[in-house]
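Structure, as structure tokens:
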Amino acid sequence: MPMPNTPFSRSDPPDPPPLITVRGLTFYRGDRAIFRDVDLDIQRGKVTAIMGPSGAGKTTLLRLIGGQIRPHAGRIEVDGACVHELGRRELYQLRKRMSMLFQSGALFTDLSVFDNVAFPLREHTRLSEALIRILVLMKLEAVGLRGARDLMPSELSGGMARRAALARSIALDPMMIMYDEPFSGQDPITMGVLIKLIRTLNDALGLTSIIVSHDVKETASIADYIYLLSEGSIVDHGSPQALERSRSAWVEQFLHALPDGPMSFHYPAAAYAQDLSLAQEPSP
Amino acid sequence: MIDGLRRLGRSTLFWLNRLGRATLFLLRLLSALPTLAKRPGLAIRQLYSVGVLSLPIIAMSGLFVGMVLGLQGYANLVDFGATSSLGRVVALSLARELGPVLAALLYAARAGSALTAEIGLMKATEQLSAMQMMAVDPFARVYAPRFVAGIIAMPLLAGIFTAVGILGGYFVAVQQLGVDSGAFWSQMQSTVKLFDDVINGVVINSVVFGWVANWIAVFEGYDAIPTSEGISLATTRTVVNTSLVVLAVDFVLTALFFGV
């Protein structure tokens, strides 16, 4: 098998093997290819960002890594286990070490903040309620919501809901967390808090973080490595500094939010004049 | 003509496809029951929302249906001087047919639609995906407890509907229209059979209706398109399909139990 287009060459200092390796990933939704022969690596202990325009398949990639959907071709390995070849029991064992922060937070609406954070502990451990209480309060303290433990999800602001979900996602001390658009729809202060939290948690808990986002500036500020996705393939990848220096027109357009460039604003359509029936009739 | 055939074929394939998916869903649901057996508290909590919260509508409807039966029965029997048989008419109508069937239809409207909407919204707000990503199987944690609680609740609700209906009939017949109280109860006692009318009529019928109603409700939520329109359609389908299937199954069960 030819060496994939990995970002880490043999000349790099020796790193532990990547936590996640994706090789030849191909995935279709209907007739549309979301991914075509995509290769990427997620290094342990790093914050890796997957960025790209809306509809580029960023969230789909997280769902593929989490084993919620299966690729049509290719291989996705997490910590040495091929996710889509695992049986349900093995997949669930693996997922106890993975975590995901959903775009909406996905808090259970019938449970309080405390019970939401306690949920994975109650499901997967036999710890006493007294110990669970201590652990939950520690997790809530880490995200600044210890005082909000008795609130219901409907009583939280968007930023608080996301922080509560973050506390839940670290409840089982996972080896990795996948963040799906963690900054979307947040005010600047909440965004700043989330950025700091993600980086701090990653470093303090020795996690591996994957952030899917199209908030360029915020994501680049905490990412160690960035993959840029568009139209089913990886357009470019590298450290934020390296991408900033990239001469690719696509990268430049995306990183600097330029309206004109290789990425078209319009969805493919017939000629405008033809659609409006204004095409010139041939003169008699 | 060809278009009509094409539409018929497409529609048949669509329903066969849904039936296949619903059957696979049911098998997966049944495979989660052993996990539920270890945590019966999950089903008991659901029993409150599908059973206890359905009590007011079931009791009120049972009361009015029983009262109407009392009135209608009296109006017809009085011409033949047979009003003493009113207790029998009310009890047999309720136990054999009206109790389980109407309780199932009301259940579909109150609890079935709520189950579909709840599961559909959990899907739309990614709560089910979050559960899966936390290595918690929604079949064991969400679908199976609701399915089992509904099956347990159904015969209890049908029994309450029937009992309250009989009381409603008694109130109209005896208290309002002057039918003899002793005749009302003794006719009922002598004709209503424990096995034929109570076990077959109320219990077996309503367990089967409960199975069907909850299977449809939970499946529609699971299969709902996670948008506001998709959840609205799924909720409507739950009520319509459950009503039709309950009536069809009722005919089959009646033919089996009482057919000639």
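Convention: sequence-line order gives letters A, B, ...; per-chain numbering from 1.
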In this structure, are over 12 heavy atoms from other groups packed under 6.0 Å from I225(B) atom CD1? no

Is F14(B) atom CZ crowded by more than 12 heavy atoms from other residues, nucleotides or ligands, each under 6.0 Å away? yes

For R63(A) against S129(B), the heavy-atom pair lying closest together: NH1-OG, 3.9 Å

Taking atom OH as the centre, does Y222(B) end up with more than 12 heavy-atom neighbours from other residues, nucleotides or ligands that are less than 6.0 angstrom away? no

Against chain B, work out which of R168(A), M178(A), Q93(A), Q103(A) has the most heavy-atom pairs shorter than 4.5 Å and name it. R168(A)

Applying side-chain contact (heavy atoms from CB on, under 4.5 Å) to M133(B) and F102(A), what does each step give before you reach the verdict? CA-CA 10 Å; M133(B) 284 307 295; F102(A) 286 83; 3.9 Å; yes

Show the atom names and distances, to 0.1 Å, of all donor-acceptor pairs under 3.5 Å that link a side chain in residues 153-161 of chain B to residues at least two apart or in another chain.
none

More than 12 heavy atoms of other residues, nucleotides or ligands under 6.0 Å from CZ of R199(A): is that the case? yes

For the residue pair M131(B) and F119(A), establish whether any side-chain heavy-atom pair is separated by less than 4.5 Å. yes

Stepwise side-chain hydrogen bond (donor to acceptor under 3.5 Å, both in side chains) test for Q132(B) and Q68(A): CA-CA 8 Å; Q132(B) 285 177 324; Q68(A) 288 191 299; 3.2 Å; yes

Are more than 12 heavy atoms from other residues, nucleotides or ligands located less than 6.0 Å from atom CZ of R133(A)? no

List the steps and the verdict of side-chain contact (heavy atoms from CB on, under 4.5 Å) for L172(A) and M134(B). CA-CA 9 Å; L172(A) 287 176; M134(B) 280 186 264; over 6 Å; no

Okay, T109(A) and chain B: the region with an atom under 4.5 Å from a heavy atom over there is both

Could you tell me whether the side chain of M100(A) reaches within less than 4.5 Å of the side chain of E126(B), counting heavy atoms only? no

Residue R70(A) excluded, over 12 heavy atoms near CZ under 6.0 Å: no

Compare all side-chain heavy atoms of V136(B) with those of H124(A) and state whether any distance is below 4.5 angstrom. yes

